[in-house]
Structures are given as structure tokens and as C-alpha cells.
Protein chains: 2
Amino acid sequence: MNNCSCIKNVKNEVSMDVLFELSEFFKFFGDTTRIRIIHLLLSGEVSVNDIAEKLNLEQSVVSHQLRILRTANLVKPRRDGRKMFYSLDDEHIGLIFNTGLTHILHKKGK
Amino acid sequence: MNNCSCIKNVKNEVSMDVLFELSEFFKFFGDTTRIRIIHLLLSGEVSVNDIAEKLNLEQSVVSHQLRILRTANLVKPRRDGRKMFYSLDDEHIGLIFNTGLTHILHKKGK
DNA sequence: TTGATACATGAACAGTTATTCATATTTTCA
DNA sequence: TGAAAATATGAATAACTGTTCATGTATCAA
């Protein structure tokens, strides 16, 4: 056998780096404001002001959270005049959202 | 039409309560220690001391995090003598873990 | 250019949370 | 019963995070 660490990446083995990134990734979904924004963007792109109005949040709060989501490449901006439209930037986001949602609804169901 | 709030639960509509619970739920995955514990338990039940040893964590840290996961019904304990074996308590946990993992690996892939 | 609109950002504050250390509880075995 | 092993818990601390408030930047229209 070989005890080189390169060989260690067998099936089901996940490096600590990946586990760290994974927890960092889930953190983005672990905030009410962000999850509400993500949920809203699931149905298409929305401007910053519209997000704030529809979610009844201050514009500053929305901008701050959008910056976090944008830095993480979860949302992407598009400028149109003075407005900024944000939309989800990753195909996985909806999947993860719905997987969690299914869990919650299933739990409430019984 | 009927404006009773009961009728409001149309497709794609999620109440703020559920969105709040959803974010609370994702928080459990948003910590490195907990995600490492969850990952370890994916392959079966493990005792507290074994978790601490395999993850190189203090026993106290593991117990504290296990309590959080236990309170949230994400893990369940089983006593055997003086040992406590913990295992995942919900079929969805592995699914959510893997959905996130797929995202991370896919992101690193390109 | 000036004013107004839309958005971004920085600093400060408050609330939350994970870890550490000490100690308590539970079970087994001599 | 007493000691040891395995785990749980409480309090304190330090670090992190979201919101607020004030202000800065960019774009358009007159």
C-alpha cells in the first residue's frame, strides 16, 4: 500500500478545506434577510429599491446584504440607468433553497 | 374570489415564518465544527470521544455542538454503558449536505 | 451644472455565538 | 461505597455579524 496523502482522496473522503468552504457557503443561507432576498430573486431579477419595498427593509440593509451575496457570487448585478437589477448567479442556489424548504415543510407536516 | 389568508398558500408562495425557520435551519450547517461532525456521522453512529479524537477537538466543544444539533433534531443519541453514540436523525441531512458539496466541488472544478 | 434619484459604503453599536475552563452528572467496575 | 471513565453543562470571554445612521458615488433630466 501507499501512504502518500495524494492517494487519500478516496470516495466519500472530503478535505477539511472543502468542509470549511461548505460551512461558509451555508452561512449565506443562514440569515433571514438573505434568505428572503434569495427567495424573492428565485422568480427573476429585481432592483434594489423593489427588493427593499417588497421585503419592507431599509435600502441600506438590502445593499449591505447584496454586497455579501455578490462577493460570494450568489447574485449578479445588471445596471439599467440608475437602477441596479440583481438576479441569482448560480443554478445550484434554487436547488439548495428548495432542498431545505422541503425539509422544513416535511417537518411541519407531521 | 376569497381573501382568506388560508387560501394564500399558492404555489411558490412561502410565508415569512417558513423563511425564518429555513434560515435557522441552514445556520446549523454554517459552522465548521458542526459540518465536520455531520460529515463524520454520515457514515454511521459515533461516540462523543471518537468524534473528538477523529476531528481533533476538545470533548467539551463536541458536547456543546452535539447539544445544539440534538435540540434541532438533527442528531439523536443512544446510550451504551457510559458511552453515548450519536447518529443523524433526519434523512434530509445527507441530501442537503451533498447538495451543498456538489456546489462547492462544481465551483472548484472550473 | 444643478438637483434628484438610486445605490453603495464606512463606522459604530448591539446582539449573537463558538470556545475555553471548571465542574457536575451518570455509569461501570473493583 | 469509592474511584474512574464518559459525557454534559454553566459561566466567562473573545470574535463575529447584522443593522443603523450618515455620507459618498453614479446616473439622468432639466
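Every chain is numbered from 1 and lettered A, B, ... according to where its sequence line falls, protein lines coming before strand lines.
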Assess whether a salt bridge exists between A/K76 and A/E45, defined as any Lys/Arg side-chain N lying under 4.0 Å from an Asp/Glu carboxylate O. no

Ring pair (Phe, Tyr, Trp, His ring centres under 6.0 Å) contacts in which one or both residues fall within residues 73-104 of chain B, not counting sequence neighbours: A/F25-B/H103, A/H92-B/H103, A/H103-B/H92, A/H106-B/H92, B/H39-B/F97

For atom CD1 of A/I37 and atom P of C/dC7, their distance in whole Å: 13 Å

Rounded distance (Å) that lies between atom P of C/dT19 and atom CG of B/N56: 13 Å

When rounded to the nearest 0.5 angstrom, what distance separates NZ in B/K107 from CG in A/D90? 8.5 Å

Please report the distance, rounded to the nearest Å, between CD1 in B/I35 and C1' in C/dA18. 16 Å

Using a cut-off of strictly less than 4.0 Å, decide whether B/Y86 has a side-chain nitrogen or oxygen near OP1 or OP2 of D/dA8. yes

Report the distance from atom CZ of B/R67 to atom P of C/dT20, rounded to the nearest whole Å. 17 Å

Do nucleotides 17-30 of chain D as a string where each nucleotide becomes B, S or -: B if the base has a protein heavy atom under 4.0 Å, S if just the sugar-phosphate does, - if no protein is that close. -SSBBB----BB--

Check for me, please, whether A/F20 and B/V62 land in the same ILVMFWY cluster - side-chain distances under 4.5 Å, paths through other members count. no

Taking CG from B/L66 and P from D/dA8, how many angstroms apart are they, rounded to a whole number? 7 Å

Please report the distance, rounded to the nearest Å, between NZ in B/K83 and P in C/dC29. 12 Å

For B/F20 and C/dT16, give me the distance from atom CZ to atom C1', rounded to whole Å. 12 Å

Option from B/T33, B/I38, B/T32, B/L40 for which side chain to side chain contact (heavy atoms under 4.5 Å, CB included) with B/R36 holds: B/T32

Looking at every heavy atom in both B/I96 and A/G100, which two are closest together, and how far apart are they? CD1-CA, 4.0 Å

Contact class for B/F85 vs. all strands (heavy atom < 4.0 Å): base, sugar-phosphate, or nothing? nothing

OP1 or OP2 of C/dT5 less than 4.0 angstrom from a side-chain nitrogen or oxygen of A/N49, does that happen here? no

